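To keep things clear, I will list the structure first and then write my remarks on it.
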Amino acid sequence: MTSTSDRVRPASGAFPTTGGRDAVVPGRDPLTGTTGRAGIDAVRRVRRAWARRILVADLLAVAVVGIVGAALVPGVTGPTAGAALVGGLVVLVGAALAVRRCWHPLVVCSGGFEYTRVLQAGTGALLVLALGEVALHDERLRPWTLVVLPAAVLAVLAVRGLGRAVLHRQRRQGVGLTGVLVVGSEESVEALVVRTRRAPEHGWVVVGACTPSGVGTCAGVSVVGDLDAVAEQVHRVGAEVVAVAPAPGWSGRNLHRLAWELEGTDLDLVVDPGLMEIAGPRLHMTPVDGLPMIRLTQPTFRGAARVSKALLDRFVAAAALVVLAPILIGVAIAIRLDDRGPVFFRQERVGRRGRPFRMVKFRSMAVDAEAARAALRSDDPHGPLFKMRRDPRVTRVGAVLRRYSLDELPQLLNVLAGSMSLVGPRPPLPAEVVEYADDARRRLLVRPGMTGLWQVSGRSDLSWEETVRLDLRYVENWSPGLDLHILARTVSAVLTGRGAY
């Protein structure tokens, strides 16, 4: 079995699958139709080819930034010196990316894990260039250290983001997916399969399951054997990953024996620790007399990181209000001309630790929308969250505003005032909070946000349970990096208008 240190694995917490017709056929590669080892090899060829394309795109992006830098930065004398500087930049950044294994097929387009490695490579290249500038006493390198090289790293990140978007689209079509054999009880296997089908873009597809009974199906996935047949069946179904979920009678000794049986194969063994929605900075390994234990630290809701988040929220909100002022004025005029009603809609929402505040939005519904809500609400049984795909209260202008989330822009005023954040759970209504279960109340431990995990993961298409789950994932695992990731995904969600109504 290949260890984690020897084999690079994306830092994803889920095992996605297409959930389509091909996904339930054990060992069948959705791209080529081949099975078993041939299917694995076909998928790996696709993955390696994609990594090569990203390599070329990265180096081209660095070269373009270098050429622009040579043209604009003073002190570059002649085409020969410019070519040398551009070539040196490409070699330096390329070497740093290679050292950090940023072109490994399992790193490419893996998300935050990939971006972290690119940033680490860029930091290393920056340090080397800075030391070279000091050693050579050449101040002409300073603009390249301070401006050109950081711009080159940003260009690589942009290439990776674009490549990830393209690859995700291909994976949703069943191209280049990694086969997964899931081991566990029928309930845990079904839960894992259902969860993974929500996110095929991560590139994993469940091709079979091993359960205590060893027969039947789980969520449309064929059960190919019992818990003692894992090592045999993983080769037959053509899986690259064995994912172990909770199962009655499955002990650490069973897991150890499975690891021995897979030793020497080019397969990954991953284990679901049973800690739903908790990952990243809160999970740590603590050895006790040679026994690895998972240490779960407390979530952080205060301190320097939270203060910096609040300060950044206010700064970005103020800047956005200035930049977006023409759009805000135009939207206000359109709303006013549509039905002569008020421009803004103010509503009481519940904020951090249950404190009420007045949230402001552009009005997207008829003036008497709140009065009509009770009658419409009686027809919707799906939890406290009330959403209708074709809400008759929405105005003509309001439909456009909602599709592209323009009605949310005035919430920048709430962010500026400190009652909301740029990123956080959805701000609930007081009537919704009354119906909250204990788990949903944990959403109130942080400030609500203009955008969040549920908004970028399906928005109004999600059920109440999925909305709570995603908000709790944010609360339990908050970090500055997670905020940046959500903000980046928000741009795509807003431009496509997917799930907005």
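Given the structure is predicted, the values throughout are model-derived calculations rather than measurements.
Not counting sequence neighbours, Arg447 has no partner by the side-chain hydrogen bond (donor to acceptor under 3.5 Å, both in side chains) test. In this structure, Asp228 has no side-chain hydrogen bond (donor to acceptor under 3.5 Å, both in side chains) partners at least two apart in sequence or on a different chain. Under the salt bridge (Lys or Arg N to Asp or Glu O under 4.0 Å) criterion, Asp471 pairs with Arg443, not counting sequence neighbours. Applying the side-chain hydrogen bond (donor to acceptor under 3.5 Å, both in side chains) criterion to Gln120, with sequence neighbours excluded, gives Arg100. Contacts of Glu408 classified as salt bridge (Lys or Arg N to Asp or Glu O under 4.0 Å), with partners at least two apart in sequence or in another chain: Lys361.
Between Arg426 and Glu432, at least one side-chain N (NZ, or NE/NH1/NH2) sits under 4.0 Å from a carboxylate O, which counts as a salt bridge.
What you find for Leu445 and Arg352 is that their closest heavy atoms are O-NE, 3.4 Å. Counting all heavy atoms, side chain and backbone alike, Leu149 lies closest to Gly122 at CD2-O, 3.9 Å. Pairing each heavy atom of Ile54 with each of Gly163, the nearest pair is CD1-CA, 4.3 Å.
To the nearest 0.5 angstrom, Arg349 atom CZ is 7.5 Å from Gln411 atom CD.
Looking at Ser421, its side chain never comes within 3.5 Å of a backbone N or O of Pro448 through a donor-acceptor pair. Looking at Thr217, its side chain never comes within 3.5 Å of a backbone N or O of Gly220 through a donor-acceptor pair.
Here salt bridge (Lys or Arg N to Asp or Glu O under 4.0 Å) pairs that include residues 478-492, with residues two or more places apart or in two chains, are Lys309-Asp483.
Looking at Ser188 and Asp272, their side chains never come closer than 4.5 Å, going by heavy atoms from C-beta outward.
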Query raised in the report: Which is it for Glu240 and Arg47 under the salt bridge (Lys or Arg N to Asp or Glu O under 4.0 Å) test, yes or no, and what are the steps along the way?
Result: CA-CA 13 Å; Glu240 288 186 83; Arg47 197 179 298 143; 3.1 Å; yes
